[in-house]
Amino acid sequence: MISSDTQTKYAFEDFEVDLATFELRKNGHAVPVQPLVFDLLVHLLRNRDRMVSYGELNETVWESSLVSAAAARQAVSVLRKTLDDDGRRQRLVKNVSKRGYRFVADVIARERPPAAAMVNRFAGAAHP
């Protein structure tokens, strides 16, 4: 299972991934996504600057449960369908032949201020 990073949101095309709420949204509306597929997406987003191998996905997303290559391909297929992508276009998730996958769309990572900073900011505004 992918750990939460409550400080980050990822935005690409019409989508946003919020790690504080474990939500995928398209144009501001929640998109249903299976937990394993969400974890796959998050791992690819966090490592978008490089190719992620099948072995790495097995260790991090599937927690070494030795998922078959066919099951990994199926999870990527579900992810692509969720993101309106497909194996032919590979607009967002690209196959690296016989090695793994890479998230190739332009991504903006947004850091959130820690909750304590938000509380302090609002508290300061209330008391000039």
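Predicted, not measured: the structure shown is a model, and the values here were computed from it.
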Colleague: Can you see which heavy atom on K98 is nearest to which on Y54, and at what distance?
Modeller: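 Answer, listing the atom of K98 first, then Y54: C-CE1, 3.7 Å.
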Colleague: Which heavy atom in G28 sits nearest to a heavy atom in R25, and how many Å separate them?
Modeller: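 Looking at all heavy atoms of both residues, the shortest contact is O-CD, 3.8 Å.
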Colleague: Might you confirm whether atom CZ of R50 has over 12 heavy atoms from other residues, nucleotides or ligands at distances under 6.0 Å?
Modeller: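 Check passes, neighbour count above 12.
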Colleague: Do you know the tightest heavy-atom contact between L92 and A105?
Modeller: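 The answer is CD2-CB, 3.2 Å.
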Colleague: Are D39 and W62 side-chain neighbours, meaning at least one heavy-atom pair lies under 4.5 Å?
Modeller: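 Not in contact.
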Colleague: Quick one: side-chain hydrogen bond (donor to acceptor under 3.5 Å, both in side chains) pairs with a partner in residues 85-96, sequence neighbours left out?
Modeller: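 As it turns out, the side-chain hydrogen bond (donor to acceptor under 3.5 Å, both in side chains) pairs with a partner in residues 85-96, which skip direct neighbours, are E13-R91, R80-N95, D86-R89.
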Colleague: Compare all side-chain heavy atoms of D14 with those of D84 and state whether any distance is below 4.5 angstrom.
Modeller: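 SC-SC contact between D14 and D84 ruled out.
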Colleague: Does the side chain of L19 reach to within under 4.5 Å of the side chain of K9, using non-hydrogen atoms?
Modeller: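 No, too far: nothing below the 4.5 Å cut-off.
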Colleague: Is the closest side-chain heavy-atom distance between L41 and V37 below 4.5 Å?
Modeller: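 A side-chain contact is absent here, since even the closest heavy-atom pair is not under 4.5 Å.
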Colleague: Would you indicate whether D49, at its atom CG, is surrounded by more than 12 heavy atoms from other residues, nucleotides or ligands within a distance under 6.0 Å?
Modeller: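 Count over threshold, so yes.
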Colleague: Who pairs with R73 by side chain to side chain contact (heavy atoms under 4.5 Å, CB included), at least two apart in sequence or on another chain?
Modeller: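 R73: side chain to side chain contact (heavy atoms under 4.5 Å, CB included) contacts with A69, A70, Y101.
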Colleague: With heavy-atom distances below 4.5 Å as the criterion, would you say the side chains of L83 and L24 are in contact?
Modeller: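 L83 vs L24: side chains touch.
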Colleague: Of all the heavy-atom pairs spanning F12 and D106, show the shortest one and how long it is.
Modeller: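 Minimum heavy-atom separation between F12 and D106: CB-O, 3.3 Å.
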Colleague: Please report the interatomic distance CG(N27) to CD(E16), rounded to the nearest 0.5 Å.
Modeller: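 Answer rounded to 0.5 Å: 11.0 Å.
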Colleague: Please give me the minimum heavy-atom distance between R110 and A11, naming the atom from each residue.
Modeller: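 Distance-wise, the nearest heavy atoms are NH1-CB, 3.5 Å.
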Colleague: Quick one: pull up CZ in F38 and OG1 in T82 and give me the separation to the nearest 0.5 Å.
Modeller: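 Atom-to-atom, F38:CZ and T82:OG1 are 11.5 Å apart.
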Colleague: Just wondering, do V93 and F103 contact through their side chains at under 4.5 Å, heavy atoms?
Modeller: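 Yes; the side chains approach each other to less than 4.5 Å.
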Colleague: List the steps and the verdict of side-chain contact (heavy atoms from CB on, under 4.5 Å) for L36 and V78.
Modeller: CA-CA 10 Å; L36 186 74; V78 170; over 6 Å; no
Colleague: Return the minimal non-hydrogen interatomic distance between A30 and E23, and the atom names on each side.
Modeller: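 Closest approach of A30 to E23, heavy atoms only: CB-OE2, 4.3 Å.
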Colleague: Are L45 and F22 linked, directly or through other ILVMFWY residues, by side chains that come within less than 4.5 angstrom of each other?
Modeller: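 Yes; F22 is reachable from L45 via cluster members.
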